[in-house]
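Side-chain atoms are counted along with the backbone in the values below, which use heavy atoms only and exclude waters and symmetry mates. Order of appearance sets the numbers: ligands from 1, and atoms from 1 within every ligand.
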Amino acid sequence: MSSTQTQQQHVTPELRQWIVEQAQAGHSAEAVLKAMISSGWKEDVAVEAMETTLRGHLEQKAVATGLPPALQVPQPDLDESPLYIDADDRRVHVLQAMAEPRVVVFGDLLSAEECEQLIELARPKLARSLTVATKTGGEEVNADRTSSGMFFHRGENPLVLRIEHRIARLLRWPVENGEGLQVLHYTPGTEYKPHFDYFDPAEPGTPTILRRGGQRVGTVIMYLGEPQKGGGTVFPDLRLEVAPKRGNAVFFSYERPHPSTKTLHGGLPVLAGEKWIATKWLRERRFE
Ligand code: PD2
Ligand code: ZN
C-alpha cells in the first residue's frame, strides 16, 4: 500500500465484494474487522466500509425479492445511549429503545399542562374518527377505529407550533414533513385495531395520497390523558405493549411500506376511564 493510499484508504469494489463474501461464508463481523485491521485498514474506515457494504447488500437483496426500496426515516440521536435529549425547549427522557424496528418510548415529551391544553382545545371539535380510504384516497368511517378525533393544522396555535418544533428537533426531521397534529379521544370499549400507518402501495388510492408529501415514514403517539385500565398501544409482531402514561410518547419508524417492518400496531380497547392521545405522522417530504 503506498503512503497516499494509507492516508486516504480508498474502499474499492473488490474490497466490498470481499466483505460480502466473508459475511456469506458465515464469518462474524468481529473476525472480518480484525482481518481488515491486520492487513492495514484503519479501524474507523474498516467499520464504515463494512456497515455501508453490508447495508447496501441487504437492501439490494430486499429489492430483488420484491420489497419496496428503503426510504430515509426520522430518528433520534441515540448514539452513546443518552438518558435525555434536548429537544428545542424541553429535555425529553429516553425510557426505552428498540433497534429493529426502531421503537422508542419517550418520557416527559409533554408537560401535564400541555396535555390538558391540547385536550381542551380539541374537545369542542371532536368528531367520529375517519381513516384514509385507500381505494379512493378520500376518508371514511371505519369499524376498526371507534375513537373520536380532530386535526389541528400545522402551526395552528402557539402550543401546537411549539410541540411540532420539539418533535422536529427530537427526531431530526423537518417540521414541514409533518402532518397536522391529530387528537383522539377513546371512551370505554373503543379501540383502534392493529394496522400499519404507511399507505399500502397496492391500493388504488395510494398514488393520490402520496402526491401530498410522499409516504409516511414515522409516527409519534403522545399520551395526553390516562385511562384507568386498558388503552395501551400494542405492537403484535413485537409482543410489546406501551402504557398510555400522560406526557409520555412512543415513536416508531418504517423505512418501507411493507409488513416486514413489523410496525403493525393498535390501540387496545379502553376498559375503564378515558384515553386521550395526540398523533403526529411524519412524511418523506414536505406535506402540503
Ligand atoms: O391510540 C393508540 O394507541 C393508537 C394506536 C395505533 C394510535 C394510532 N395507531 C395512530 O394514531 O396511528
Ligand atoms: Zn396507527
Can you list the atoms of ligand 1 that are under 4.0 Å from a heavy atom of [X]?
X    : answer
G266 : 5 (C), 6 (C)
Y186 : 1 (O), 2 (C), 4 (C), 7 (C)
D197 : 12 (O)
K275 : 1 (O), 2 (C), 3 (O)
G267 : 2 (C), 3 (O), 5 (C), 6 (C)
I277 : 1 (O), 2 (C), 7 (C)
H195 : 6 (C), 9 (N), 12 (O)
T279 : 10 (C), 11 (O)

Proximity to ligand 1 by part of Q182, non-hydrogen separation under 4.0 Å: neither

Within the 4.0 Å heavy-atom cut-off, what L268 brings close to ligand 1 is neither

Geometric cation-pi criterion R91 and Y84, 6.0 Å radius, 45° cone: yes

Walk me through it: do E164 and R169 pass the test salt bridge (charged side-chain N to carboxylate O under 4.0 Å, His left out)? CA-CA 9 Å; E164 286 169 345; R169 175 72 87 86; over 6 Å; no

Among protein heavy atoms, which lies nearest [atom], and at what distance?
atom                    : value
atom 3 (O) of ligand 1  : T233 OG1, 2.6 Å
atom 6 (C) of ligand 1  : H265 CD2, 3.1 Å
atom 10 (C) of ligand 1 : Y192 CE1, 3.7 Å

After noting the C-alpha distance and the side-chain angles of E116 and R246, does the key distance pass the salt bridge (charged side-chain N to carboxylate O under 4.0 Å, His left out) rule? CA-CA 10 Å; E116 271 311 312; R246 176 188 292 238; 3.2 Å; yes

Considering residues at least two apart in sequence or located in another chain, which fulfil the side-chain hydrogen bond (donor to acceptor under 3.5 Å, both in side chains) criterion with T187? none

Would you say CD of Q72 has more than 12 non-hydrogen atoms from neighbouring residues, nucleotides or ligands within 6.0 angstrom? no

Around E176, counting heavy atoms of other residues, nucleotides and ligands shown, do more than 12 lie under 6.0 Å from its CD? yes

May I ask you to decide if the ring planes of Y254 and F252 are parallel, tilted or perpendicular, using 30° and 60° as cut-offs? tilted

Any chance the side chains of H93 and N248 put a donor and an acceptor closer than 3.5 Å? no

As a quick check of understanding, evaluate ring-ring contact (aromatic ring centres under 6.0 Å, His included) for Y186 and Y192, giving each step before the final call. CA-CA 9 Å; Y186 299 82; Y192 195 171; 7.3 Å; no

Among the N, O or S atoms of D197, the one nearest the Zn ion (ligand 2): OD1

